[in-house]
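Since the structure comes first, as structure tokens, the remarks are kept for the end.
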Amino acid sequence: MSYDPQDLEARWRERWAASGRYEADPDGRDPEESTFVTVPYPYPSGGMHIGHARTYTVPDVYARYRRQQGDNVLFPIAWHVTGTPIVGAVERLKKGDEGQIDSLQNAFGVPEADLKNLETPMGFARYFIEEAECSYKSGMQQLGLSIDWRREFTTTDERYQRFITWQYETLKDRGLLEKGLHPVKFCTEQETPVTTHDLLEGEDVEYQEYTLVKFASSSFEAGGASGGGGDTDTIFPMATLRPETVRGVTNAYVDPDGQYVIATVDDERWIVSVEAAEKLEYQAHEVSIETELTGEGIVGETVENPITGEDVLILPADFVDTDSGSGVVMSVPAHSPDDYLALQEAKADTGRLEAYGIDPAQVEAIEPVPILSIEGYGEIPAKDAVESAGIDASSDPELKTVTQELYTSEFHRGELDDAYGEYGGEVVEDVREDLKDHYQSQGAFGAMYDFPEPVISRAGGKVVVAYQDTWFLRYNDEAWQAKASRAVANLDAIPENTREQYDHTVDWLEEWPCIRNYGLGTALPWDQDFIIEPLSDSTIYMSYYTIAHRLQEIPVEELTPEFFDSLLLGAEGNETALELREEWDYWYPIDYRCSANDLISNHLTFFLYHHAELFEEPKWPQGITVMGMGLLEGEKMSSSKGHVELPNDAIAEYGADTVRFFLLNSSEPWQDFDWRAEEVGSTRNQLERFWNRAEEVIDGPAGERDLEQVDRWLLARLQETVADVTAAMENFETRTASQTAFYRFEEHLKWYRRRADLERPGARWTLRTVLETRLRLLAPFIPFMANELHERLTGEPAEDVPWPDPVPEFQNDAVIAEEGLVTDLVADVRDIVDVTDTDPEIIRVYVAAGWKNDVFDTVVESAVDQGGNGGGPNQGAVMGQVMQNEALREKGNAVNALVGDLVSFARERDGDTLETLAAVDEQAVYDDASAFLEREFDATVQVLAEDDDPEDPADKARHAQPFRPAIHLE
RNA sequence: GCGCGGGUAGCCAAGUGGCCAACGGCGCAGCGCUUAGGACGCUGUCUCAUAGGAGUCCGCAGGUUCGAAUCCUGUCCCGCGCACCA
């Protein structure tokens with residue numbers, strides 16, 4: 001029967017479904033023998049692609065492996081629909097957004113007729129969960145994932161919402177949830193917070209906190225008249241990202257044509273741009289506008305620096321953007337190349353100054369004021385930077401680079417002047433925050449948030465930073481943080497180098513706003529206008545899996561907080577819940593969570609936090625394996641560009657075993673993988689060849705256990721393979737494991753087929769034994785094929801028989817060493833044949849004389865004495881000992897040369913290998929292989945001993961060394 | 001900038017002190033098989049070499065060592081994450 005994956009795989013899928021093969025319940029097995037493995041539930045905002053396929057196959061392989069090891073294994077799945085992406089996608093679809101329709105049709109092959117089913121959020125979700133051809137459920141089933149499907153749910157299910165409600169009420173009761181104002185991206189058009197997904201422009205732009213330096217005027221009045229303001233100061237807040245330059249301000253700029261307002265901000269009188277006033281209002285300031293005026297009305301004013309008390313002049317400048325910061329900027333020409341050039345240009349344009357009623361002489365007198373010193377730059381760093389780069393106009397495109405360089409250098413290396421008092425002599429990087437906070441508390445500085453670039457929402461509205469009343473999780477709570485750190489320390493972090501990233505995240509996390517005011521999800525229990533956001537409702541849901549199917553039996557109303565207290569915390573009270581708790585207790589803790597490496601800094605760390613808080617230490621997660629991402633033909637996959645590979649297409653073309661094998665064998669889980677059609681095709685060919693060879697073995701005679709050297713060699717290799725694969729599986733090294741069981745063993749078989757007479761009963765027996773063991777090792781990776789072949793070979797599927805252990809009676813280092821001598825000999829002969837371009841009739845192999853082996857023994861003793869402690873055997877010591885033998889002493893130079901060679905030979909091998917070799921009877925090995933060698937080279941092979949005074953036409957015998965026989969070709 | 005990872009032959013990629021001219025795959029070349037078929041098998045694929053050899057090589061530059069792709073120092077380049085988002 002030729003390899004037909006479609007037929008074969010369909011049969012096994014049916015069989016698994018019909019028998020409920022992977023439905024797991026607590027049974028007689030010890031909870032210690034239970035394995036609970038999870039993977040983030042998919043977010044069905046689109047179809048499943050090949051990257052997802054690997055994500056879900058990694059835990060499947062581990063689950064299958066643990067089952068063969070005898071564990072009771074639970075591998076569940078559910079569907080995450082909380083949040084905004086699905087809602088957003090539906091809205092775009094309904095609006096007829098072409099990009100959205102294109103992505104659905106081209107990337108995921110959604111038929112025109114199906115589009116109308118996607119016009120409600122849950123319709124959309126259901127479609128990609130299970131209705132579409134490229135749905136997650138269909139993909140998972142086709143891949144043969146060993147999931148317990150009874151436990152699936154979605155995060156909008158009532159019962160799940162009851163569970164989340166309990167979680168958040170509990171956290172609130174424990175004081176880990178707090179209410180407060182928090183800056184968020186906010187669409188002014190829709191009056192709603194927005195996420196990256198909702199942005200049309202500026203997706204990558206992050207908001208920044210600008211410091212507002214409160215310059216003041218005691219005499220300012222709109223319209224130019226002064227003196228009427230009485231004793232109320234007017235504040236000119238100047239936005240800057242470099243608050244430490246406050247002592248270097250020489251003047252200020254406004255846009256003379258820009259619109260400004262005089263407004264009461266909180267209790268002060270401020271002048272800012274119209275846009276800034278709006279932003280301040282969004283940022284929880286009381287703003288009431290008194291008057292509007294153009295920038296021209298401010299130009300020429302003099303304002304007082306709140307720190308130095310010096311007066312500075314406000315100049316007109318076109319480069320000022322009223323929609324950035326406060327619309328009033330301070331100028332620090334000594335440290336800002338932009339400001340330096342702008343000042344020069346202002347000085348030069350006397351006509352313009354006069355037009356605004358400013359005395360050019362007053363501007364001419366303005367000189368840069370340096371406030372810090374930095375190695376590598378002169379007294380006025382900005383001047384230096386501009387001049388050495390040859391820039392003389394602010395329009396020069398080089399200016400940006402030069403500015404960036406200077407800012408970076410000053411930040412990391414600039415030392416503030418002594419005028420800064422306690423901050424004098426300190427490096428900017430170390431004190432900027434303190435300095436800012438210090439002046440802010442004195443009232444000299446304020447703050448506002450803004451974007452450095454325009455940000456526009458998909459609704460077309462301008463996006464600003466707004467303070468929103470928000471509930472947040474207190475991830476920076478010391479006690480909670482300490483528990484999370486302990487959870488990290490307890491964790492089996494795979495790969496190990498991710499541990500540092502978890503620690504780093506725990507240190508860095510602050511409050512996490514955990515609610516949103518739109519999207520799908522669970523309502524905040526005490527304020528139904530909000531929902532709990534997606535990363536916050538997915539932290540302990542793994543515990544829900546343990547009882548998900550059982551909860552269906554319980555009326556929703558009964559799922560009260562008290563119920564979950566009993567279920568999850570073990571509180572007395574609810575008998576039903578306490579009974580279910582036994583199942584939770586059986587499966588928990590999670591053995592391994594398989595997730596993506598980019599989730600370490602949020603989801604995975606939250607997951608640890610919440611477990612650490614809500615459960616006892618023994619129930620904390622045992623391990624996390626992170627996974628890399630997938631590339632398609634060397635490039636990132638992108639559903640919007642249609643650059644995706646769908647599992648159902650791949651499975652239809654290659655079969656699920658090939659897809660699985662490729663995904664797990666092309667890289668380790670945490671490395672990125674690259675789906676290349678050419679290589680997948682070659683994987684398919686390799687599997688087909690394996691299938692064909694397996695069938696020959698299965699259909700051929702069973703043979704009998706009558707073993708020769710080569711058979712023992714192959715069986716010894718098999719034991720090594722079993723040990724190596726098992727070790728790799730324990731560490732989730734799917735690539736190493738499958739590579740070892742499959743490709744590396746194929747290499748051994750290649751040699752075996754060359755070397756052995758395969759018709760012998762002993763060989764048939766060996767091949768069957770090897771096949772049976774390999775099928776068990778490969779069953780987690782290619783379950784369809786491996787189970788089928790194993791069943792045909794033995795009557796039972798591979799998944800129903802135990803994982804193999806190395807069989808001691810077949811472990812055999814000596815036979816591996818001996819076979820190595822034969823491979824070496826073949827390679828040497830071939831080398832000589834190639835170099836000399838001859839076709840030998842006779843091959844003479846001379847085995848080294850006895851005395852040479854005696855010398856070798858001495859070398860080995862010396863090597864073992866050294867205990868592998870660097871350096872290996874000692875040439876001098878060996879010579880000393882060898883030379884005590886009179887017979888050897890006579891050979892003098894020959895002995896010396898031999899010892900040299902053998903010492904370096906020994907240095908390259910460990911003690912065990914040397915001792916194994918020392919025990920080998922070389923002549924017997926070559927004799928045994930001579931028939932093979934004759935076949936291999938189509939020549940007569942004579943194995944001769946140097947000691948026996950053999951026929952030696954070319955005087956080669958004397959070159960023989962232990963494990964390196966002399967060779968003569970004729 | 002901060003954190004993590006990485007730079008190996010035409011491409012992908014293993015290797016983290018000696019068994020390394022460096023696993024494996026793809027590609028390419030030759031041979032075999034064959035209705036010359038994008039199948040399979042064997043061989044080769046840094047340079048030189050008519051006896052198993054020699055030289056050069058693992059981003060770049062130094063260093064440690066009897067010995068370095070592997071350890072140390074410096075340097076250049078690339079990828080990912082940096083938050084309220086799945």
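What you see is a predicted model, and the numbers here were worked out from it, not measured in a lab. Note on naming: letters A, B, ... go to the chains in the order of the sequence lines (proteins, then strands), and numbering restarts at 1 for each one.
Listed candidates were A86(B), C40(B), G25(B). Nearest to the side chain of Asn685(A) is C40(B). The side chain of Glu510(A) lies closest to A83(B), out of A83(B), G52(B), C84(B). Taking only side-chain atoms of Ser682(A), from C-beta outward, the nucleotide of G52(B), C84(B), C26(B) with the closest atom is C26(B). The side chain of His968(A) sits closest to A51(B) out of C82(B), C26(B), A51(B). Closest approach to the Gln686(A) side chain among C26(B), A14(B), C84(B) is made by C26(B) (side chain taken as heavy atoms from C-beta onward). The side chain of Glu678(A) lies closest to C26(B), out of C26(B), G3(B), A83(B). Listed nucleotides: A86(B), G52(B), C26(B). Nearest to the side chain of Ile832(A): G52(B).
If you take atom P in C28(B) and the same atom in G81(B), they sit 36 Å apart, rounded to whole Å. A13(B) and G6(B) have their P atoms separated by 13 Å, given to the nearest Å. Comparing G63(B) with U70(B), their C1' atoms sit 15 Å apart, to the nearest whole Å. Nucleotides G67(B) and U75(B) have their P atoms positioned 27 Å apart, rounded to a whole Å. Between C23(B) and A9(B), the distance separating the two P atoms is 13 Å to the nearest Å. Nucleotides G55(B) and A68(B) have their P atoms positioned 14 Å apart, rounded to a whole Å.
Looking at heavy-atom distances under 4.0 Å, His603(A) makes no contact with the nucleic acid at all. Note on Arg964(A): a base of the nucleic acid sits closer than 4.0 angstrom, heavy atoms only. Within the nucleic acid shown, Leu509(A) comes within 4.0 Å of at least one base atom, counting heavy atoms only. At the heavy-atom level, Arg693(A) lies under 4.0 Å from the strands shown only through sugar-phosphate atoms. Contact annotation for Pro965(A): base contact, defined as any heavy-atom pair under 4.0 Å involving a base atom. Among the atoms of the strands shown, none is found under 4.0 Å from any heavy atom of Arg753(A). Counting non-hydrogen atoms under 4.0 angstrom, Gln739(A) reaches the backbone sugars and phosphates but no base. Nucleic acid contact class of Ala827(A) (heavy atoms, under 4.0 Å, all strands): none.
Regarding contacts with the backbone of A51(B), every side-chain N or O of Arg844(A) stays at 4.0 angstrom or more from both OP1 and OP2. Distances shown here put every side-chain N or O of Arg676(A) at or beyond 4.0 Å from the OP1 or OP2 atom of G27(B).
With rounding to whole Å, Arg684(A) atom CZ is found 13 Å from G38(B) atom C1'. Between Ile494(A) atom CD1 and C4(B) atom C1' there is a gap of 17 Å when expressed in whole angstrom units. Rounded to an integer number of Å, the gap from CG of Asp503(A) to P of C4(B) is 11 Å. Rounded to whole Å, the distance from OH on Tyr502(A) to P on G3(B) is 19 Å. For the pair Arg499(A) CZ and C4(B) P, the interatomic distance rounds to 14 Å; values are reported in whole Å. Atom CZ of Phe606(A) is separated from atom P of A83(B) by 12 Å (rounded to the nearest Å). The CG-C1' distance, from Leu604(A) to A83(B), rounds to 14 Å in whole Å. Residue Phe690(A) contributes atom CZ, which lies 16 Å from atom P of C40(B) at whole-angstrom precision.
Using a cutoff of 4.0 Å between basic side-chain nitrogens and carboxylate oxygens, Glu819(A) and Arg755(A) are scored as salt-bridged.
Each of Asp824(A) and Gln501(A) was matched to the nucleotide of RNA chain B holding its nearest heavy atom; the match closer to the 5' end belongs to Gln501(A). For Gly83(A) and Asp674(A), each mapped to the nucleotide of RNA chain B holding its nearest heavy atom, the one lying further toward the 5' end belongs to Asp674(A).
Below the 3.5 angstrom threshold, one finds a donor paired with an acceptor across the side chain of Asp828(A) and the base of G52(B).
No side-chain donor-acceptor contact under 3.5 Å links Gln739(A) and Thr736(A).
Aromatic ring orientation, His748(A) versus Phe745(A): perpendicular (interplanar angle above 60°, classes split at 30° and 60°). Using cut-offs of 30° and 60° for the angle between ring planes, the Phe661(A) and Tyr743(A) rings count as tilted. Relative ring orientation between Trp691(A) and Tyr3(A) is described as tilted, the plane-to-plane angle lying within the 30° to 60° band.
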For this session: Let me have RNA chain B in dot-bracket notation, would you? Count Watson-Crick plus G-U wobble pairs, both distances under 3.5 Å, and use [ ] for pairs crossing earlier ones and | for inter-strand partners.
Result: ((((((((.[[[..)..(.....]]]((((((.......))))))(((....)))...[[[[[..)....]]]]])))))))....
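Ring pair Trp79(A)/Phe124(A): centre-to-centre distance not below 6.0 Å.
Nearest heavy atom pair, residue Met637(A) against residue Ile50(A), reads CE-CG2, 3.4 Å.
Checked by atom type and distance alone, the side chain of Thr155(A) pairs as donor or acceptor with a backbone atom of Val81(A) at under 3.5 Å. Not one N or O on the side chain of Ser682(A) forms a donor-acceptor pair closer than 3.5 Å with the backbone of Glu678(A).
Applying the ring pair (Phe, Tyr, Trp, His ring centres under 6.0 Å) criterion to Tyr609(A), with sequence neighbours excluded, gives Tyr475(A), Trp480(A).
For the pair Arg54(A) and Phe673(A), the NZ or CZ position fails the cation-pi test of under 6.0 Å to the six-membered ring centre and within 45 degrees of the ring normal.
Atom CG of Asp938(A) is surrounded by 12 or fewer heavy atoms from other residues, nucleotides or ligands within 6.0 Å.
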Identify each atom pair where a protein N or O and an N or O of nucleotides 77-81 of chain B are less than 3.5 Å apart, giving names and distance.
residue: G81(B); atom: O2'; partner: Ser601(A); partner atom: OG; Å: 3.0

